[in-house]
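Okay, so here's the structure we're looking at.
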Amino acid sequence: MITTNVRSYNCKDEELPVIGNKVLFSFKRDQADFSGYSPKFNSNYATELEGKIQTVFDLTVPKSETVQLKVITDGVYTAMDGFDKQSYRIHHIGEIGQNDFCSRFWINTFTQMH
């Protein structure tokens with residue numbers, strides 16, 4: 001069965017760690033005021049909040065997927081560079097002899113090699 005998650009916020013998921021860090025910064029700056037309001041807001045609360053923010057960061061910015069995407073992108077760029085060099089060579093060989101036997105021989109030889 002498919003379940004849907006109900007979002008209780010109106011921002012992008014990747015913005016949550018930034019907002020959480022802003023809240024944490026404000027809390028630490030005004031901790032004395034918060035502690036005066038309720039004893040719940042002590043240093044343990046700040047530590048728990050930091051842990052929750054880190055969890056949200058890990059969920060919204062997965063490092064393993066980023067590494068995989070970089071590997072794929074590098075592979076695509078490498079393939080494109082190789083293709084450009086090969087197509088230039090084939091084009092250049094074709095320009096040398098246009099339709100003579102020698103150029104056809106080299107084009108066939110080159111395409112069989114690569």
Output the distance between atom CG (N44) and atom CG (L49), rounded to the nearest 0.5 Å. 12.5 Å

Hydrophobic cluster partners of V71 (side-chain heavy atoms under 4.5 Å): none

Output the distance between atom CD1 (I53) and atom CD1 (I19), rounded to the nearest 0.5 Å. 10.5 Å

Value for CG (N42) from OG (S35), rounded to nearest 0.5 Å, stands at 6.5 Å

Contacts of V18 meeting side-chain contact (heavy atoms from CB on, under 4.5 Å) (sequence neighbours excluded), chain-then-number -> none

Could you give all pairs that pass the ring pair (Phe, Tyr, Trp, His ring centres under 6.0 Å) test and reach residues 3-23, with sequence neighbours left out? none

Side chain to side chain donor-acceptor pair (under 3.5 Å) with D58: which residues, sequence neighbours excluded? Q54

Write out all pairs satisfying salt bridge (Lys or Arg N to Asp or Glu O under 4.0 Å) with one or both partners inside residues 14-36, taking only residues at least two apart or from two chains. K28-E50

Taking ring pair (Phe, Tyr, Trp, His ring centres under 6.0 Å) as the cut-off, I'd like each qualifying pair that reaches into residues 42-69, sequence neighbours left out, listed once. F27-Y45, F41-Y45

Only counting residues at least two apart or in another chain, list the ones meeting side-chain contact (heavy atoms from CB on, under 4.5 Å) with T73. Y77

Tell me, please, which residues at least two apart from T55 pass side-chain contact (heavy atoms from CB on, under 4.5 Å). L59

With rounding to the nearest 0.5 Å, note down the distance linking CD in E48 to OG in S43. 10.0 Å

